[in-house]
Amino acid sequence: MTHDIFAELRAAVLAALGRILPDLPEAVAARVEVTPAREEAHGDAATNAAMVAAKAARRNPRELAALLAAALPGGMIAHAEPAGPGFVNLRLHEAALRAEVKHVLEVGTGYGDCDIGGGLPTNVEYVSANPTGPMHVGHCRGAVVGDALANLLAKAGFAVTKEYYVNDAGAQVDALAWAAYWRYLEALGTTLSEDEFAARVPGGLQYRGEYLTAVGGTLKDRFGDTLAGPGLTVAPAERWFAAVRMFAVSRMLDAIRDDLAALGVRFDTFASERSLVESGAVDATIGRLEADGLIYQGVLEPPRGRTPEDWEPRAQTLFRATRFGDDVDRPLRKSDGSNTYFANDIAYHADKLRRGAALMIDVWGADHGGYVPRMQAAVAALGGRLEVVLCQIVHVLQDGQPVRMSKRAGTFITLRDLLDEVGRDAVRFTMLTRKADAQMEFDIALAVAQTRDNPAFYVQYAHARCRSVLRAAVEMLGAGAVAEGALAAVALDTLADPAELALMRRLASWPRTVAAAAVAREPHRIAFFLYDLAADFHMLWNRGKDDAALRFLVADRPAETLARLALVAATAIVIRSGLAVMGVDPVEEMR
RNA sequence: GCGCCCUUAGCUCAGUUGGAUAGAGCAACAGCCUUCUAAGCUGUUGGCCGCUGGUUCGAGUCCAGCAGGGCGCGCCA
């Protein structure tokens with residue numbers, strides 16, 4: 001169900017324009033917009049129609065604007081006037097804004113839903129951290145952005161699946177197996193030193209963090225010393241490797257699932273890289289590309305301008321990514337014959353496509369930016385559609401000082417640390433107060449501050465104030481009168497104060513905000529909208545400090561009180577609706 | 001060296017996809033409030049939108065070049 005007064009106004013403008021210019025080209029009509037007025041003096045909304053159509057009409061934009069302004073009033077539009085270089089400013093009947101309040105109360109948090117997605121099956125993949133340890137703050141932004149984006153798209157009518165790609169094949173989880181095996185020998189009381197052990201690990205011992213000691217202990221409990229070699233040394237890999245790897249990966253996945261739950265992220269599906277590989281899907285996908293003539297044996301040029309020290313020309317299995325817009329063709333097999341990560345990733349995206357994803361959106365860290373063109377090329381070759389949202393690095397600050405994050409020094413912050421410190425809702429909100437592709441500073445002190453410059457607090461506080469008023473109203477008028485259904489029926493004619501009208505205008509722009517944010521794949525816009533909405537509400541609240549007659553609850557004026565309660569209830573609904581997109585729980589009161 | 005992203009008030013950031021006189025918060029300054037609608041309110045100051053050119057009725061927004069910051073750059077995921 002779509003309801004957006006700006007869309008309705010646009011339809012009215014197009015109709016009026018069509019009466020003036022009957023043969024208006026479609027392409028011109030498509031550029032006509034109706035946007036909220038930036039300034040009070042400009043009315044409630046403005047359209048660029050006259051400027052856009054001027055050329056096709058061979059008329060001066062101002063002249064056309066005057067004709068349009070004369071033709072427009074009617075319906076919601078009380079008044080229209082030409083302005084500036086050819087805008088037409090629209091003033092709505094106040095009743096139209098009040099009707100919007102009533103509508104919010106009738107449909108609840110479904111207000112703002114729309115159908116621009118048209119039910120398109122859409123797979124949003126995010127987090128996808130390697131299952132080699134607990135989540136750290138580096139994963140957090142992608143998790144929040146991906147989750148909010150998925151919620152946003154669902155609200156906008158896309159049929160969304162939230163997916164996590166488990167990289168449980170490849171070198172990283174092999175390294176995890178070795179690290180877990182070390183903790184296992186340690187639990188058994190091996191006499192090997194860590195360095196002696198590390199010397200026997202292909203590629204060196206990684207993942208030395210404490211978090212694997214428990215895994216080592218559990219392996220000992222489960223297997224005794226049967227996985228160890230004589231004298232508690234390293235046994236041949238075929239005796240232990242696969243079992244330890246599988247166990248460690250599953251433990252790490254459990255930890256990640258716990259972290260995700262603590263962050264309030266729940267996936268619909270977890271896709272396993274290993275099971276794709278083992279099912280033969282990777283070879284099948286490569287075979288399919290090969291049949292399409294997109295695979296060949298070839299030698300790549302060295303990267304332009306910077307030849308690595310050990311560069312030597314080598315024949316490789318290459319995918320013709322250049323046919324689909326990439327700069328160079330990309331390798332699918334390593335020199336030892338195994339597949340590259342890219343090859344597996346192609347098969348993974350083919351699998352998503354096979355499962356029905358008409359649109360795939362991957363949320364990645366910015367350090368994978370260079371990988372985007374080849375993945376899009378591969379998906380294009382498979383006949384699919386892939387978009388990638390990149391998230392820039394987050395720098396965590398404590399009181400303005402950077403918190404150093406170094407795995408080696410053991411001072412890296414886990415996601416859990418951050419959640420314990422700041423709280424889930426504040427973390428999620430704060431992560432959405434920047435555009436995803438802009439670098440972000442996350443100030444822990446600010447995120448927990450109870451002041452206006454903390455948007456998370458400011459918005460929650462607005463909601464709590466709404467609820468507080470409604471609780472007080474129940475005392476005064478009884479629960480029946482204050483129910484949303486009852487408030488939807490009250491007369492709203494007394495809502496006419498400039499601050500009340502401003503708040504109503506803001507509420508009415510929620511649907512178009514949702515639609516625009518969804519189209520742009522920019523969930524942070526929801527956070528900014530809520531901040532502005534909260535500001536409008538707090539302003540209205542503060543009016544009551546100066547003038548008791550402007551308070552929400554005025555005992556001897558029941559009609560005005562009920563109308564204001566309707567506005568307050570509608571405000572709370574829209575805040576809740578926005579917070580739901582962000583995955584933040586609204587609070588009933590501040591403590 | 002090449003590619004991608006970024007550069008907006010002293011600071012942190014928006015900017016409705018090319019529209020009107022570029023906006024918030026913080027900080028600064030000036031007032032107000034001493035309250036229970038707690039965790040302030042109102043106002044003022046502050047701008048070469050990194051720089052230079054281009055596209056057009058119109059550019060913070062699009063294009064080219066330059067400068068600075070970040071990320072990446074054949075068998076790591």
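We use all heavy atoms of the structure for the numbers below, so side chains are in, but hydrogens, waters and symmetry mates are not. Letters A, B, ... mirror the listed sequences (proteins, then strands); counts begin at 1.
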Item to check | Nearest-Å distance for atom pair CZ/C1', residues A:Phe442 and B:C13 | outcome: 16 Å
Checklist entry - Rounded to the nearest Å, what distance is computed from the CE atom of residue A:Met375 to the P atom of nucleotide B:A77? => result 15 Å
Next on the checklist: Using 30° and 60° as the class boundaries, would you call the ring planes of A:Trp364 and A:His368 parallel, tilted or perpendicular?
Outcome noted: tilted
Item to check | Nearest-angstrom distance from the residue atom NE2 of A:His524 to P of B:U17 | outcome: 13 Å
Next on the checklist: From CZ of A:Arg506 over to P of B:U16, roughly how many Å is that when rounded to an integer?
Outcome noted: 14 Å
Item to check | Face-to-face stacking of A:His368 with B:G72, centres under 5.5 angstrom, angle under 30° | outcome: no
Next on the checklist: Categorize A:Ala520 for me: base, sugar-phosphate, or nothing, with a 4.0 angstrom heavy-atom threshold over every strand shown.
Outcome noted: base
Item to check | Aromatic A:Phe6 / basic A:Arg512 pairing, under 6.0 angstrom, 45° off normal | outcome: yes
Next on the checklist: How many whole angstroms separate atom CG of A:Asp437 from atom C1' of B:G72?
Outcome noted: 16 Å
Next on the checklist: Which nucleotide, if any, forms a Watson-Crick or G-U wobble pair with B:U56, using both distances under 3.5 Å?
Outcome noted: none
Checklist entry - Of the nucleotides B:A20, B:G74, B:U17, which one has an atom closest to the side chain of A:Ala46? => result B:A20
Next on the checklist: Can you measure A:Asp453 atom CG to B:A14 atom P for me and round it to whole angstrom units?
Outcome noted: 16 Å
Item to check | Complementary nucleotide for B:U42 - Watson-Crick or wobble, under 3.5 Å | outcome: B:A30
Next on the checklist: Return whichever of A:His42 or A:Gly370 has its heavy-atom-nearest nucleotide of RNA chain B closer to the 5' end.
Outcome noted: A:His42
Checklist entry - Starting at CZ of A:Phe457 and ending at C1' of B:A39, how long is that distance when rounded to a whole Å? => result 6 Å
Next on the checklist: Measuring only the P atom in each nucleotide, how far is B:C57 from B:U52? A whole number of Å is fine.
Outcome noted: 24 Å
